Amino acid sequence: MRFGAQLLKSLFPCISLALGPTLCSVPQICVRLVSSGRPMLYSFQTSLPKLPVPSVSDTIRRYLESVRPLLDDKEYHHKEALAKDFQNKMAPRLQKYLILKSWWATNYVSDWWEEYIYLRGRTPIMVNSNYYVMDFVLIKNTELQAARLGNVVHAMITYRRRLDREQIKPVMALGIVPMCSYQMERMFNTTRIPGKETDVLQHLAESRHVAVYHKGRFFKVWLYEGSSLLKPRDLELQFQRILDDPSPPQPGEERLAALTAGGRVEWAQARQTFFSSGRNKASLDTIERAAFFVALDEECHCHDPTDDACLSLYGKALLHGNCCNRWFDKSFTLVVFKNGKMGLNTEHAWADAPIIGHLWEFVLATDVFHLGYTDTGHCLGTPNAALPHPQRLQWDIPEQCQAVIERSYQVAKALADDVELYCFQFLSFGKGLIKKCRTSPDAFVQISLQLAHFRDRGKFCLTYEASMTRMFREGRTETVRSCTNESTAFVKAMVEGTHKKADLQSLFRKASEKHQNMYRLAMTGAGIDRHLFCLYVVSKYLGVSSPFLAEVLSEPWRLSTSQTTQFQIRMFDPNKYPNHLAPGGGFGPVADDGYGVSYMIAGEDTIFFHISSKFSSSETNAQRFGNHIRQALLDIADLFQVSKADS
Ligand SMILES: *[C@@H]1O[C@H](CO)[C@@H](O)[C@H](O)[C@H]1NC(C)=O
Ligand SMILES: *[C@@H]1O[C@H](CO)[C@@H](O)[C@H](O)[C@H]1NC(C)=O
């Protein structure tokens, strides 16, 4: 009864632990137990409510409503019949198991989500799963690459220490409701280990170094001297020593990291064959056991508001680089360009974007406001020249292994070359003016995306907007299906062009209210997609198949969107420092013929967009879609006759 045992294991993780290793094929992830006696970060954890399982009838009603505007009558009636059949026949049994799970598990979704959505994926994680985050782009810090890294690495380890000591305040939703902090646990000392069927996350309680890549070589840099953390100037010295090291890469070393960018099975096999003993194992261990990974790039990147090509290239450099200069398996790679600008490439299984965003806000503000630089751009203080040099990692990479690396590299390169990324700063207005239209900024942007998409493709599509369920214990995300009956009604009326302004305004308000309501439902555990996903997982465990669930789970998200949240921690006054704006980050296209859109409503007066699509699709064009988004935002603002001059 293999299925029975597996079902038991996933429904009752606590029991399977007690039953011992035969049932626990997947190594347990080392997550510290959280007690209510802790002072700060985790103090609310045990009082957070559990994510409730919605009723099947509610979920199916909401599902049918969400697909109504996307289907003609015939297609809709087919869907409806399938759904009702599922609801009456199979669903009660699946739901029973799910409710059982929800009694025992801390969160009925999150462990399955992590495993099936992220860790079991066998396709490359580069572009398909990892995402990126950008630097402050409107200010200059220092142009010295090693100095920037000195401050930033110091700030990161300071954050890690605060995390250890729980000196970080939990983020509050609406300023009053504490949000779950469990995802922060695996921010550092974490790597994804490839396996043949599934990857696992390895998290260590100890890690006192970073691994660095520069010009095809890998290095180990200690972060401590004795028990004290190296000062920014000492770290600068160490990174400068790497930049000054003229030694060439060893055979196979330069493109080694491409293994983490290609297929997972190939990587798992290569890791076992070539990296399980000797100096290869020791060197790989150094990377996998590092606090995080650092890439010293040889290119320069920046933002030029008059030339979108710059920001787009900057984004592509962070999303995939040259396919072998980021370690895509690490929880994150910190990338520093030759001109001192930087960014992150982040693995997705261990946490969602707001978690790394929290670290990033701390790091950017600490760098500028607390650490600073000398007039010549160096870190403050005097370096300790007696520090032992960074260590070069030693490899013995045979030719067969080099061939595997080359194949992974070719797979990754094809994937990277196919990504069209268009990043731009929308300069006409931001949150300030949107609020004058008396609507939520997020709804405003989402409805603009719907209008832009219709103008771009001549049709509507299933739309994914990420929202958080962190008001519940161990909550991660829920999908807001933001193409609604109401938004399509508004878009159609806009496109027809025969309606009075007042009518359009009223249609817009309905669409906006609907969106806000959907968002609230998703955040409060009454979404659609996680519940259906979990019912599907139960059906797989039970070995039964539901045509309805199979259809739902295979519907492509041709528009996948996400707002980057900002100011989770207020470390400076944005009104006083309006140029201290970070454009957020972005991710690759989710469907072959779709768009990925990430946006950051940055302060009062501007919005940054990151749009991705595939060159290989003749139907999409990220730049064209970007232009439609610009126009849609302006057209909707025009309905309310507010202009920048009034603000
Ligand atoms: C990571 O390693 C450091 C240094 O060894 C340790 O102090 C810290 O507790 C670890 N962090 C986590 C989140 O486990
Ligand atoms: C969708 O909107 C139209 C017109 O706005 C309305 O007549 C119809 O009842 C709505 N359908 C649903 C399922 O809400």
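In listed order, ligands and their atoms are each counted from 1. Reckoned from all heavy atoms, side chains included, excluding hydrogens, waters and symmetry mates. Count residues from 1 along the sequence. In this text the structure is predicted, and so the values were computed from the model without any measurement.
Salt-bridge check for Arg264 with Asp199: passed, with a basic side-chain N closer than 4.0 Å to an acidic carboxylate O.
Using a 4.0 Å heavy-atom cutoff, Arg186 is absent from the residues neighbouring ligand 1. Within the structure, ligand 1 has Arg160 among the residues with a heavy atom less than 4.0 angstrom away.
Closest heavy-atom approach to atom 6 (C) of ligand 1 within the set Ala205, Ala291, Ala290: this belongs to Ala205. Heavy-atom proximity to atom 9 (O) of ligand 1, evaluated over Leu163, Asp164, Ile157, is greatest for Asp164.
Heavy-atom contacts of Arg208 reach the following atoms of ligand 1: 5 (O) (cutoff under 4.0 Å). Counting atoms of ligand 1 from 1 in the listed order, those under 4.0 Å from a heavy atom of Asn189 are 1 (C), 2 (O), 3 (C), 8 (C), 10 (C), 11 (N), 12 (C), 14 (O). Shown in contact with Leu204 at under 4.0 Å from a heavy atom are these atoms of ligand 1, numbered in order with element: 14 (O).
With a 4.0 Å heavy-atom cut-off, ligand 1 is reached by the backbone of Glu185 but not by any atom from C-beta on.
Looking only at side-chain heavy atoms (C-beta outward), Leu98 and Tyr108 come within less than 4.5 Å of each other.
Pairs passing the salt bridge (Lys or Arg N to Asp or Glu O under 4.0 Å) check and including a residue from residues 341-362, sequence neighbours excluded, read Asp135-Lys341, Arg192-Glu347, Asp352-Arg476. Within the structure, salt bridge (Lys or Arg N to Asp or Glu O under 4.0 Å) pairs that include any residue of residues 377-387 do not occur (at least two apart or interchain).
There is a side-chain donor-acceptor pair under 3.5 Å between Tyr132 and His610. In this structure, a donor-acceptor pair under 3.5 Å is present between the side chains of Thr190 and His203.
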